There are 2 protein chains.
Amino acid sequence: MTKETAQIKQSFTEGLSHISHFWGFPKGVGAVFAVLYLSPAPLSLDELVTQSGLTKGAVSTNVRALARLGLVRRSAKLGDRKDYYEAETDFYKAIRSILGERQNREFDRAVRSVQETLEKLQAAKGSMQEAERKFLIERVQALQDFFDAIDALSRAVSKLDSLGISTVQNILKILK
Amino acid sequence: MTKETAQIKQSFTEGLSHISHFWGFPKGVGAVFAVLYLSPAPLSLDELVTQSGLTKGAVSTNVRALARLGLVRRSAKLGDRKDYYEAETDFYKAIRSILGERQNREFDRAVRSVQETLEKLQAAKGSMQEAERKFLIERVQALQDFFDAIDALSRAVSKLDSLGISTVQNILKILK
DNA sequence: TAGAACGTTTAGTATTTACTAAACGAAATA
DNA sequence: TATTTCGTTTAGTAAATACTAAACGTTCTA
(Lines give C-alpha, C1' and ligand atoms only; values in the text may rest on other atoms or scores of the structure.)
Protein backbone atom coordinates (compact mmCIF):
# COMPACT_ATOMS: atom_id res chain seq x y z
CA MET A 1 0.00 0.00 0.00
CA THR A 2 1.53 3.27 -1.08
CA LYS A 3 1.95 6.15 1.30
CA GLU A 4 -0.65 8.15 -0.58
CA THR A 5 -3.22 5.35 -0.40
CA ALA A 6 -2.70 5.11 3.31
CA GLN A 7 -3.18 8.84 3.63
CA ILE A 8 -6.42 8.83 1.69
CA LYS A 9 -7.78 5.95 3.76
CA GLN A 10 -6.73 7.78 6.87
CA SER A 11 -8.65 10.93 6.04
CA PHE A 12 -11.70 8.93 4.98
CA THR A 13 -11.57 7.12 8.30
CA GLU A 14 -11.44 10.41 10.17
CA GLY A 15 -14.44 11.62 8.21
CA LEU A 16 -16.51 8.58 9.09
CA SER A 17 -15.42 8.81 12.73
CA HIS A 18 -16.79 12.29 12.75
CA ILE A 19 -20.07 11.28 11.16
CA SER A 20 -20.36 8.41 13.59
CA HIS A 21 -19.89 10.70 16.52
CA PHE A 22 -22.36 13.16 15.06
CA TRP A 23 -25.06 10.50 14.96
CA GLY A 24 -24.44 9.59 18.56
CA PHE A 25 -22.22 6.54 18.14
CA PRO A 26 -18.65 6.24 19.43
CA LYS A 27 -16.01 7.51 17.04
CA GLY A 28 -14.34 4.11 17.07
CA VAL A 29 -17.45 2.63 15.48
CA GLY A 30 -17.01 4.92 12.49
CA ALA A 31 -13.30 4.22 12.31
CA VAL A 32 -13.69 0.45 12.30
CA PHE A 33 -16.43 0.63 9.73
CA ALA A 34 -14.32 2.84 7.49
CA VAL A 35 -11.44 0.37 7.55
CA LEU A 36 -13.75 -2.51 6.68
CA TYR A 37 -15.56 -0.51 4.05
CA LEU A 38 -12.34 0.24 2.20
CA SER A 39 -11.15 -3.34 2.33
CA PRO A 40 -11.84 -5.64 -0.63
CA ALA A 41 -11.61 -8.71 1.61
CA PRO A 42 -12.93 -9.52 5.08
CA LEU A 43 -10.57 -8.59 7.89
CA SER A 44 -9.69 -10.33 11.11
CA LEU A 45 -9.76 -8.65 14.49
CA ASP A 46 -5.99 -8.30 14.49
CA GLU A 47 -5.97 -6.74 11.07
CA LEU A 48 -8.57 -4.28 12.29
CA VAL A 49 -6.37 -3.47 15.26
CA THR A 50 -3.46 -2.69 12.96
CA GLN A 51 -5.40 -0.67 10.45
CA SER A 52 -7.60 1.26 12.83
CA GLY A 53 -4.96 2.10 15.41
CA LEU A 54 -7.28 1.04 18.24
CA THR A 55 -6.52 -1.71 20.72
CA LYS A 56 -7.96 -5.20 20.61
CA GLY A 57 -10.49 -4.49 23.33
CA ALA A 58 -11.82 -1.38 21.66
CA VAL A 59 -12.03 -3.05 18.26
CA SER A 60 -13.82 -6.01 19.79
CA THR A 61 -16.42 -3.74 21.37
CA ASN A 62 -16.88 -1.51 18.35
CA VAL A 63 -17.09 -4.26 15.79
CA ARG A 64 -19.69 -6.05 17.86
CA ALA A 65 -21.73 -2.85 18.01
CA LEU A 66 -21.49 -2.61 14.24
CA ALA A 67 -22.65 -6.18 13.84
CA ARG A 68 -25.65 -5.54 16.08
CA LEU A 69 -26.50 -2.52 13.97
CA GLY A 70 -26.28 -4.59 10.82
CA LEU A 71 -23.49 -2.48 9.37
CA VAL A 72 -21.00 -5.31 9.49
CA ARG A 73 -21.26 -9.03 8.85
CA ARG A 74 -19.27 -11.77 10.51
CA SER A 75 -17.77 -14.26 8.13
CA ALA A 76 -15.43 -17.19 8.47
CA LYS A 77 -12.59 -18.62 6.46
CA LEU A 78 -12.41 -22.37 6.18
CA GLY A 79 -9.66 -23.88 8.26
CA ASP A 80 -9.17 -20.63 10.14
CA ARG A 81 -10.77 -20.14 13.47
CA LYS A 82 -10.35 -16.38 13.44
CA ASP A 83 -13.47 -14.26 13.08
CA TYR A 84 -13.57 -12.19 9.94
CA TYR A 85 -15.67 -9.13 9.33
CA GLU A 86 -16.85 -7.34 6.25
CA ALA A 87 -18.82 -4.14 5.74
CA GLU A 88 -22.44 -4.18 4.69
CA THR A 89 -22.56 -2.32 1.40
CA ASP A 90 -26.31 -2.11 1.10
CA PHE A 91 -26.92 1.04 3.11
CA TYR A 92 -30.66 0.92 2.79
CA LYS A 93 -30.58 -2.45 4.43
CA ALA A 94 -28.27 -1.09 7.09
CA ILE A 95 -30.31 1.98 7.88
CA ARG A 96 -33.42 -0.09 8.37
CA SER A 97 -31.51 -2.34 10.67
CA ILE A 98 -30.33 0.67 12.67
CA LEU A 99 -33.83 2.09 12.89
CA GLY A 100 -35.11 -1.24 14.11
CA GLU A 101 -32.38 -1.52 16.67
CA ARG A 102 -32.88 2.00 17.99
CA GLN A 103 -36.61 1.52 18.05
CA ASN A 104 -36.62 -1.58 20.12
CA ARG A 105 -34.33 -0.53 22.90
CA GLU A 106 -34.03 2.73 24.76
CA PHE A 107 -36.45 4.60 22.59
CA ASP A 108 -39.23 2.21 23.33
CA ARG A 109 -38.62 2.47 27.04
CA ALA A 110 -38.61 6.25 26.91
CA VAL A 111 -41.83 6.33 24.96
CA ARG A 112 -43.36 4.10 27.56
CA SER A 113 -42.62 6.69 30.21
CA VAL A 114 -44.76 9.16 28.30
CA GLN A 115 -47.48 6.56 28.19
CA GLU A 116 -47.20 6.21 31.94
CA THR A 117 -47.53 9.93 32.46
CA LEU A 118 -50.73 9.82 30.48
CA GLU A 119 -52.10 7.00 32.60
CA LYS A 120 -51.26 8.82 35.81
CA LEU A 121 -53.09 11.87 34.53
CA GLN A 122 -56.14 9.80 33.66
CA ALA A 123 -56.13 8.36 37.15
CA ALA A 124 -55.73 11.73 38.83
CA LYS A 125 -59.36 12.70 38.44
CA GLY A 126 -60.31 14.72 41.47
CA SER A 127 -56.87 15.07 42.95
CA MET A 128 -56.02 18.05 40.75
CA GLN A 129 -57.70 21.01 39.10
CA GLU A 130 -59.89 19.73 36.31
CA ALA A 131 -58.97 22.45 33.82
CA GLU A 132 -55.28 21.86 34.29
CA ARG A 133 -55.70 18.13 34.10
CA LYS A 134 -57.53 18.44 30.83
CA PHE A 135 -54.81 20.64 29.40
CA LEU A 136 -52.04 18.28 30.46
CA ILE A 137 -53.81 15.25 29.10
CA GLU A 138 -54.27 16.97 25.77
CA ARG A 139 -50.61 17.87 25.47
CA VAL A 140 -49.20 14.54 26.58
CA GLN A 141 -51.64 12.73 24.33
CA ALA A 142 -50.45 14.79 21.37
CA LEU A 143 -46.86 13.79 22.07
CA GLN A 144 -47.91 10.18 22.40
CA ASP A 145 -49.67 10.36 19.04
CA PHE A 146 -46.55 11.77 17.49
CA PHE A 147 -44.39 8.95 18.78
CA ASP A 148 -46.91 6.46 17.51
CA ALA A 149 -46.74 8.03 14.08
CA ILE A 150 -42.96 7.84 14.04
CA ASP A 151 -43.19 4.22 15.01
CA ALA A 152 -45.72 3.52 12.29
CA LEU A 153 -43.55 5.26 9.74
CA SER A 154 -40.59 3.18 10.74
CA ARG A 155 -42.61 0.02 10.37
CA ALA A 156 -43.91 1.14 7.01
CA VAL A 157 -40.39 1.73 5.75
CA SER A 158 -39.35 -1.74 6.79
CA LYS A 159 -42.39 -3.18 5.14
CA LEU A 160 -41.74 -1.37 1.90
CA ASP A 161 -38.39 -3.02 1.75
CA SER A 162 -39.80 -6.48 2.09
CA LEU A 163 -41.30 -5.89 -1.32
CA GLY A 164 -37.73 -5.98 -2.55
CA ILE A 165 -37.55 -2.43 -3.71
CA SER A 166 -35.03 0.08 -2.55
CA THR A 167 -36.74 2.01 0.17
CA VAL A 168 -35.51 5.54 -0.05
CA GLN A 169 -35.51 5.67 -3.80
CA ASN A 170 -39.11 4.59 -3.79
CA ILE A 171 -40.30 7.15 -1.33
CA LEU A 172 -38.52 9.72 -3.44
CA LYS A 173 -40.25 8.54 -6.57
CA ILE A 174 -43.58 8.87 -4.83
CA LEU A 175 -42.84 12.32 -3.51
CA LYS A 176 -41.58 13.73 -6.78
CA MET B 1 -49.97 23.26 41.97
CA THR B 2 -50.75 20.14 43.99
CA LYS B 3 -48.03 17.79 45.10
CA GLU B 4 -49.31 15.11 42.77
CA THR B 5 -49.31 17.43 39.77
CA ALA B 6 -45.73 18.35 40.51
CA GLN B 7 -44.81 14.70 40.73
CA ILE B 8 -46.39 13.86 37.40
CA LYS B 9 -44.66 16.77 35.71
CA GLN B 10 -41.42 15.66 37.27
CA SER B 11 -41.59 12.14 35.90
CA PHE B 12 -42.62 13.42 32.49
CA THR B 13 -39.62 15.73 32.52
CA GLU B 14 -37.32 12.87 33.38
CA GLY B 15 -38.75 10.87 30.51
CA LEU B 16 -38.13 13.62 27.99
CA SER B 17 -34.63 14.17 29.37
CA HIS B 18 -33.95 10.56 28.66
CA ILE B 19 -35.32 10.74 25.14
CA SER B 20 -33.33 13.88 24.51
CA HIS B 21 -30.15 12.19 25.61
CA PHE B 22 -30.98 9.15 23.52
CA TRP B 23 -31.18 11.25 20.39
CA GLY B 24 -27.83 12.86 21.09
CA PHE B 25 -28.94 16.10 22.70
CA PRO B 26 -28.09 17.21 26.24
CA LYS B 27 -30.51 16.03 28.88
CA GLY B 28 -31.14 19.63 29.91
CA VAL B 29 -32.61 20.28 26.48
CA GLY B 30 -35.27 17.66 27.11
CA ALA B 31 -35.93 18.93 30.62
CA VAL B 32 -36.46 22.52 29.54
CA PHE B 33 -38.69 21.47 26.68
CA ALA B 34 -40.78 19.31 29.00
CA VAL B 35 -41.38 22.22 31.37
CA LEU B 36 -42.42 24.48 28.52
CA TYR B 37 -44.54 21.81 26.93
CA LEU B 38 -46.56 21.32 30.10
CA SER B 39 -47.08 25.02 30.61
CA PRO B 40 -50.26 26.64 29.29
CA ALA B 41 -48.56 30.04 29.12
CA PRO B 42 -45.12 31.18 27.92
CA LEU B 43 -42.45 31.14 30.61
CA SER B 44 -39.62 33.51 31.37
CA LEU B 45 -36.06 32.39 31.85
CA ASP B 46 -36.36 32.71 35.61
CA GLU B 47 -39.51 30.64 35.68
CA LEU B 48 -37.69 28.00 33.67
CA VAL B 49 -34.88 28.07 36.20
CA THR B 50 -37.33 27.45 39.02
CA GLN B 51 -39.30 24.74 37.30
CA SER B 52 -36.43 22.85 35.69
CA GLY B 53 -34.07 22.96 38.63
CA LEU B 54 -31.18 24.03 36.38
CA THR B 55 -29.21 27.22 36.79
CA LYS B 56 -29.69 30.33 34.72
CA GLY B 57 -26.64 29.65 32.58
CA ALA B 58 -27.72 26.13 31.72
CA VAL B 59 -31.28 27.18 30.96
CA SER B 60 -30.02 29.99 28.77
CA THR B 61 -27.87 27.59 26.76
CA ASN B 62 -30.48 24.87 26.49
CA VAL B 63 -33.37 27.11 25.61
CA ARG B 64 -31.33 28.72 22.88
CA ALA B 65 -30.52 25.31 21.46
CA LEU B 66 -34.22 24.50 21.48
CA ALA B 67 -35.02 27.73 19.68
CA ARG B 68 -32.43 26.96 16.99
CA LEU B 69 -33.97 23.54 16.57
CA GLY B 70 -37.41 25.07 16.17
CA LEU B 71 -38.79 23.25 19.20
CA VAL B 72 -39.35 26.44 21.12
CA ARG B 73 -40.51 29.91 20.13
CA ARG B 74 -39.47 33.16 21.70
CA SER B 75 -42.33 35.45 22.52
CA ALA B 76 -42.65 38.77 24.28
CA LYS B 77 -45.11 40.33 26.64
CA LEU B 78 -45.93 43.98 26.12
CA GLY B 79 -44.36 46.23 28.69
CA ASP B 80 -42.06 43.47 29.89
CA ARG B 81 -38.57 43.21 28.61
CA LYS B 82 -38.10 39.65 29.74
CA ASP B 83 -37.87 36.98 27.07
CA TYR B 84 -40.67 34.46 27.14
CA TYR B 85 -40.60 31.03 25.61
CA GLU B 86 -43.26 28.59 24.56
CA ALA B 87 -43.07 25.06 23.20
CA GLU B 88 -43.75 24.32 19.56
CA THR B 89 -46.71 21.97 19.57
CA ASP B 90 -46.60 21.08 15.89
CA PHE B 91 -44.10 18.24 16.02
CA TYR B 92 -44.05 17.67 12.32
CA LYS B 93 -42.95 21.23 11.88
CA ALA B 94 -40.37 20.73 14.59
CA ILE B 95 -38.91 17.55 13.18
CA ARG B 96 -38.45 19.12 9.81
CA SER B 97 -36.71 22.01 11.44
CA ILE B 98 -34.41 19.62 13.28
CA LEU B 99 -33.60 17.70 10.12
CA GLY B 100 -32.79 20.93 8.36
CA GLU B 101 -30.61 22.10 11.19
CA ARG B 102 -28.71 18.82 11.40
CA GLN B 103 -28.33 18.75 7.67
CA ASN B 104 -26.82 22.16 7.35
CA ARG B 105 -24.17 21.96 10.01
CA GLU B 106 -21.88 19.15 11.04
CA PHE B 107 -23.47 16.60 8.80
CA ASP B 108 -22.84 18.66 5.74
CA ARG B 109 -19.22 19.13 6.68
CA ALA B 110 -18.74 15.43 7.29
CA VAL B 111 -20.32 14.56 3.98
CA ARG B 112 -17.98 17.00 2.32
CA SER B 113 -15.04 15.03 3.68
CA VAL B 114 -16.29 11.97 1.83
CA GLN B 115 -16.56 14.08 -1.29
CA GLU B 116 -12.96 15.15 -0.78
CA THR B 117 -11.80 11.56 -0.46
CA LEU B 118 -13.44 10.84 -3.76
CA GLU B 119 -11.70 13.77 -5.42
CA LYS B 120 -8.33 12.70 -4.06
CA LEU B 121 -8.90 9.22 -5.44
CA GLN B 122 -9.79 10.62 -8.84
CA ALA B 123 -6.61 12.65 -8.82
CA ALA B 124 -4.42 9.73 -7.74
CA LYS B 125 -4.30 8.18 -11.20
CA GLY B 126 -0.88 6.65 -11.58
CA SER B 127 0.27 7.10 -8.02
CA MET B 128 -1.48 3.94 -6.87
CA GLN B 129 -2.43 0.51 -8.15
CA GLU B 130 -5.16 0.93 -10.70
CA ALA B 131 -7.24 -2.03 -9.54
CA GLU B 132 -7.23 -0.85 -5.97
CA ARG B 133 -8.00 2.69 -7.02
CA LYS B 134 -10.99 1.54 -9.01
CA PHE B 135 -12.30 -0.46 -6.07
CA LEU B 136 -11.92 2.43 -3.65
CA ILE B 137 -13.60 4.88 -6.01
CA GLU B 138 -16.52 2.53 -6.41
CA ARG B 139 -17.03 2.13 -2.68
CA VAL B 140 -16.63 5.77 -1.77
CA GLN B 141 -18.89 6.76 -4.63
CA ALA B 142 -21.58 4.41 -3.34
CA LEU B 143 -21.42 6.04 0.08
CA GLN B 144 -21.61 9.46 -1.53
CA ASP B 145 -24.68 8.41 -3.48
CA PHE B 146 -26.30 7.21 -0.29
CA PHE B 147 -25.71 10.53 1.45
CA ASP B 148 -27.12 12.33 -1.55
CA ALA B 149 -30.24 10.20 -1.36
CA ILE B 150 -30.69 10.99 2.32
CA ASP B 151 -30.31 14.64 1.53
CA ALA B 152 -32.85 14.41 -1.28
CA LEU B 153 -35.28 12.60 1.00
CA SER B 154 -34.95 15.30 3.60
CA ARG B 155 -35.63 17.97 1.00
CA ALA B 156 -38.60 16.06 -0.30
CA VAL B 157 -40.09 15.84 3.17
CA SER B 158 -39.72 19.57 3.64
CA LYS B 159 -41.29 20.16 0.27
CA LEU B 160 -44.24 17.95 1.02
CA ASP B 161 -44.96 20.09 4.00
CA SER B 162 -45.05 23.27 2.00
CA LEU B 163 -48.17 21.85 0.42
CA GLY B 164 -49.75 22.33 3.81
CA ILE B 165 -50.34 18.68 4.55
CA SER B 166 -49.03 16.86 7.54
CA THR B 167 -45.87 15.18 6.39
CA VAL B 168 -45.66 11.92 8.21
CA GLN B 169 -49.32 11.15 7.98
CA ASN B 170 -49.14 11.59 4.25
CA ILE B 171 -46.21 9.33 3.71
CA LEU B 172 -48.04 6.76 5.77
CA LYS B 173 -51.16 7.12 3.68
CA ILE B 174 -49.07 6.52 0.56
CA LEU B 175 -47.29 3.53 1.97
CA LYS B 176 -50.41 1.82 3.23
C1' DT C 1 -2.80 -32.42 28.55
C1' DA C 2 0.37 -28.51 28.05
C1' DG C 3 0.61 -24.70 25.42
C1' DA C 4 -0.75 -21.43 21.94
C1' DA C 5 -4.14 -18.63 19.60
C1' DC C 6 -8.31 -16.27 19.92
C1' DG C 7 -12.02 -12.97 21.43
C1' DT C 8 -14.09 -10.94 25.58
C1' DT C 9 -14.17 -8.72 29.91
C1' DT C 10 -12.46 -5.85 33.55
C1' DA C 11 -10.08 -2.28 36.10
C1' DG C 12 -8.09 1.97 35.55
C1' DT C 13 -7.48 6.31 32.95
C1' DA C 14 -7.95 10.08 29.71
C1' DT C 15 -11.06 12.82 27.34
C1' DT C 16 -15.21 14.94 26.53
C1' DT C 17 -19.43 16.94 27.92
C1' DA C 18 -22.65 19.58 30.36
C1' DC C 19 -23.25 21.52 34.44
C1' DT C 20 -22.76 25.50 38.44
C1' DA C 21 -21.44 29.86 40.20
C1' DA C 22 -20.14 34.18 39.31
C1' DA C 23 -18.67 37.90 36.45
C1' DC C 24 -20.05 40.57 32.79
C1' DG C 25 -22.28 43.75 29.30
C1' DA C 26 -26.33 45.80 27.48
C1' DA C 27 -30.65 47.98 28.00
C1' DA C 28 -34.15 50.24 30.67
C1' DT C 29 -35.41 53.18 34.49
C1' DA C 30 -34.83 56.51 38.03
C1' DT D 1 -25.42 59.15 35.00
C1' DA D 2 -26.13 55.74 38.68
C1' DT D 3 -28.76 51.69 39.48
C1' DT D 4 -31.43 47.84 38.54
C1' DT D 5 -32.85 44.09 35.60
C1' DC D 6 -32.04 41.18 32.28
C1' DG D 7 -29.53 37.32 29.27
C1' DT D 8 -24.99 35.64 28.01
C1' DT D 9 -20.36 34.21 28.70
C1' DT D 10 -16.55 32.31 31.21
C1' DA D 11 -13.76 29.64 34.40
C1' DG D 12 -13.85 25.76 37.04
C1' DT D 13 -15.89 21.19 38.22
C1' DA D 14 -18.48 16.93 38.25
C1' DA D 15 -20.12 13.23 35.59
C1' DA D 16 -20.29 10.33 31.68
C1' DT D 17 -17.96 8.07 28.01
C1' DA D 18 -14.76 5.48 25.40
C1' DC D 19 -10.41 4.24 25.45
C1' DT D 20 -5.86 1.17 26.93
C1' DA D 21 -3.55 -2.56 29.08
C1' DA D 22 -3.82 -6.72 31.01
C1' DA D 23 -6.12 -10.70 32.82
C1' DC D 24 -9.15 -14.17 31.61
C1' DG D 25 -11.79 -18.22 29.68
C1' DT D 26 -12.31 -21.11 25.70
C1' DT D 27 -11.08 -23.67 21.88
C1' DC D 28 -7.81 -25.71 18.98
C1' DT D 29 -3.25 -27.98 18.24
C1' DA D 30 1.01 -30.46 19.09
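Values below: every heavy atom of this structure, side chains too, minus hydrogens, waters and symmetry copies. Proteins come first, then strands; the chains are lettered A, B, ... in the order of their sequence lines, and each starts at number 1. Remember, predicted model here, so these are calculated numbers, not experimental data.
A sub-4.0 Å separation between OP1 or OP2 of D:dG7 and a side-chain N or O of B:S60 is absent. At the phosphate of C:dG7, neither OP1 nor OP2 sits under 4.0 Å from any side-chain N or O atom of A:R74. For the OP1/OP2 pair of D:dC19 and a distance below 4.0 Å, the side-chain nitrogens and oxygens of A:H21 include no atom meeting the criterion.
B:L45 has its CG atom 7 Å from the C1' atom of D:dG7, to the nearest Å. Whole-Å rounding puts the B:Y85 OH to D:dT8 P distance at 5 Å. Here the P atom of nucleotide C:dC6 and the NZ atom of A:K77 are 12 Å apart, to the nearest Å. One interatomic measurement links the two molecules: NZ of B:K56 to C1' of D:dC6, which rounds to 7 Å at whole-angstrom precision. The distance from atom CG of A:L48 to atom C1' of C:dT8 is 15 Å, rounded to the nearest whole Å. The distance between atom CZ of B:R64 and atom C1' of D:dT10, rounded to the nearest whole Å, is 13 Å.
Summary of the strand contacts: B:R81 and A:V63 both lie near DNA chain C, and taking for each the nucleotide with the nearest heavy atom, the more 5' one is attributed to A:V63. For the pair A:T61 and B:L54, nearest-nucleotide mapping onto DNA chain C gives the more 5' position to A:T61. Residue order along DNA chain D, read from the 5' end via each residue's closest nucleotide, puts A:G53 first among A:G53 and A:G79.
Using a 30° and 60° split on the angle between ring planes, B:F146 and A:Y92 fall in the perpendicular class, above 60°.
Remark: the backbone N or O of B:E47 is paired with a side-chain donor or acceptor of B:S44 at under 3.5 angstrom.
In this structure, A:G57 reaches the bases: a heavy-atom distance under 4.0 Å links it to at least one base atom across the strands shown. Residue B:D46 is classed as having no contact, given no heavy-atom separation below 4.0 Å to the nucleic acid.
Taking the ring centroids of B:F33 and B:Y85, they lie at or beyond the 6.0 Å cut-off.
Remark: the B:K82 side chain and the D:dG7 base include no donor-acceptor N/O pair separated by less than 3.5 Å.
Scanning both residues, B:V29 and B:A65, for their nearest heavy atoms gives CG2-CB, 4.3 Å.
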